[in-house]
Amino acid sequence: MKTFRRVIIVVGAVGFAILLWKLNLRLVLQTVSRVGFGILFILALETVTLTLNAIGWRLSFESDAGRTYSIAELARLWLAMDGINYFVPTGTIAGEIARASMLRDVHALEVRTASVVISRIAQTIAQVTFVLAGFTFLVSHVRSIRRFGWIGPVSAWALVGIVVSMLAYVLIIWVRRPRQTQAPAATPAFHRILGRLGTYFVAHPWRFLFAVCIFGAGYLWPSVEAYWICRFIGVPVAVATAITIEVLSAAIDGALFIVPAKVGTQELGKTAIFSLLGLPLSAGAAFGIIRHVREIVWNLLGLSIYSAARPRSERALL
């Protein structure tokens, strides 16, 4: 696995180097430099996404338990999780474990763990819905689809509904499956966590739906960042274009989550998106570099939060 990660890093770095060589490094760096002190504004915009994710996590607790933790505390732990997942690609497993273990133990382990699982399910549904809705919007505006009148958009939205319904159905089946189907080696703690999950989804369906909506807003908000980055680098775009950039970015990031720190994929992905939208390729590479800077700064902060709390979290895991 380590060899595979090293290969991915090398491939990403080489791809990034080739990209800069083909696009003229000097031109790309000049475009990046246009952001100037605007980078501070770009960094500050991330606080909104972080706050929305913290609210979504708080809604993933049952109401009484959720009030125990402040938004600021949950945001700090969410940032720590992001830092781990960004630099240590394990399919978000490592970050989720750290997030659960770093929570204050004012509630039972199964309550804390269930909140992490529920928030991850809600965020995943929000991400899938955001990407599908974005692609639906794009498909419904393609000329080859328009000739079919209302059939194209309706069919696309029907596809979104089917996928979301399938996700909800699988979720319900998984939560309500009988205990006899569990592996014999399942621990009592595991059964208690499943019980908490079942209780939450049965007693708080609207709370879960609200959490999905909040996480969805968390995926939409970076469109504001995309809009301002484009303005700073001298390639102003419409709001709809900024949202399109973010939809495609979310799709690419979701597919390439295993790449450590998004080495190369951030810049290559944004260049491909800008090419698709008919925007300057050098601006796409510059956009990717600026967003990469924002991600690295915030995720290094998250990693430092985890490192400072590591002894405590390790004790909680024992």
Side-chain angles (χ1 to χ4, degrees), residues 5 43 45-61 65-66 68-107 109-128 130 193 196-197 200 208 211-212 214-219 221-222 225 249-250 253-263 265-266 291-292 294-318:
R5 289 177 185 169
L43 289 171
L45 287 175
E46 182 64 11
T47 58
V48 177
T49 302
L50 191 58
T51 301
L52 288 170
N53 288 335
I55 294 173
W57 185 11
R58 195 179 192 188
L59 289 168
S60 300
F61 287 91
T68 306
Y69 302 101
S70 67
I71 298 299
E73 178 182 3
L74 296 179
R76 180 175 60 85
L77 299 187
W78 192 280
L79 183 58
M81 175 200 69
D82 280 345
I84 296 170
N85 290 336
Y86 191 78
F87 293 107
V88 186
T90 56
T92 74
I93 295 174
E96 303 294 0
I97 293 175
R99 180 158 64 107
S101 66
M102 292 171 68
L103 274 171
R104 288 182 294 115
D105 55 355
V106 292
H107 294 286
L109 176 62
E110 58 266 23
V111 174
R112 290 174 279 146
T113 305
S115 75
V116 172
V117 174
I118 292 167
S119 64
R120 176 52 62 189
I121 294 173
Q123 189 183 36
T124 300
I125 293 176
Q127 181 182 21
V128 171
F130 175 70
I193 293 172
R196 283 290 178 178
L197 291 174
Y200 176 90
F208 177 72
V212 172
I214 294 296
F215 282 123
Y219 280 106
W221 175 256
E225 177 190 279
S249 297
D253 291 345
L256 301 177
F257 70 92
I258 195 172
V259 181
K262 299 182 183 178
V263 176
T265 62
Q266 183 68 270
R291 175 158 286 185
H292 219 153
R294 186 266 291 166
E295 290 177 345
I296 290 174
V297 169
W298 276 101
N299 286 300
L300 281 175
L301 177 59
L303 206 58
S304 67
I305 291 173
Y306 170 71
S307 297
R310 188 175 180 181
R312 175 185 166 188
S313 66
E314 288 178 347
R315 288 195 300 270
L317 286 172
L318 294 178

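This one's a predicted model, so the numbers in the text were calculated from it and none came from an experiment.
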Atom pair CG (L79) and CG (N299), whose distance is rounded to the nearest 0.5 Å: 7.0 Å
Considering residues at least two apart in sequence or located in another chain, which fulfil the side chain to side chain donor-acceptor pair (under 3.5 Å) criterion with S115? W57
Scanning both residues in full, the closest heavy-atom pair of A114 with R196 reads CB-CB, 3.8 Å
One pair to check against side chain to side chain contact (heavy atoms under 4.5 Å, CB included): R291 and E225. What are the steps and the verdict? CA-CA 9 Å; R291 175 158 286 185; E225 177 190 279; 2.7 Å; yes
Side-chain touch L300/F87, heavy atoms, less than 4.5 angstrom: yes
Minimum heavy-atom distance between R112 and F61, given as atom pair plus value: CA-CE2, 4.5 Å
Hey, could you give me the CH2/OG1 distance between W221 and T51, rounded to the nearest 0.5 Å? 10.5 Å
Can you classify the ring geometry of Y86 versus H292 as parallel (below 30°), tilted (30 to 60°) or perpendicular (above 60°)? perpendicular
The criterion is side chain to side chain donor-acceptor pair (under 3.5 Å); which residues satisfy it with R99, sequence neighbours excluded? E96, S119
The criterion is side chain to side chain contact (heavy atoms under 4.5 Å, CB included); which residues satisfy it with I214, sequence neighbours excluded? L52, I55, L59, F210
Check side chain to side chain contact (heavy atoms under 4.5 Å, CB included) between T47 and all other residues, then give those that pass, not counting sequence neighbours. W298
For this output row, return yes or no: ring centroids of F215 and W78 closer than 6.0 angstrom. yes
Taking all non-hydrogen atoms of both residues, which atom of A211 and which atom of G56 are closest, and how far apart? CB-O, 3.8 Å
Could you tell me whether the side chain of L74 reaches within less than 4.5 Å of the side chain of L103, counting heavy atoms only? yes
Under the ring-ring contact (aromatic ring centres under 6.0 Å, His included) rule, collect the residues that match up with Y200, sequence neighbours excluded. H204
Any idea which heavy atoms bring A54 and A75 closest together, and the distance? CB-N, 3.6 Å
Side chains of E46 and T49, heavy atoms from C-beta outward: is any pair under 4.5 Å? yes
Evaluate the side chain to side chain contact (heavy atoms under 4.5 Å, CB included) criterion for residues R58 and Y69: first the C-alpha distance (whole Å), next the side-chain angles of each, then the deciding distance (0.1 Å), finally the verdict. CA-CA 8 Å; R58 195 179 192 188; Y69 302 101; 5.7 Å; no
Which distance, rounded to the nearest 0.5 Å, do you find between the CD of Q123 and the OG of S60? 9.5 Å
Residue set satisfying side chain to side chain donor-acceptor pair (under 3.5 Å) with T68, at least two apart, ordered chain then number -> H107
Between A80 and I305, the two heavy atoms sitting closest are CB-CG2, 4.0 Å
Taking atom CG of N53 and atom CD1 of I71, what is their separation to the nearest 0.5 Å? 11.0 Å
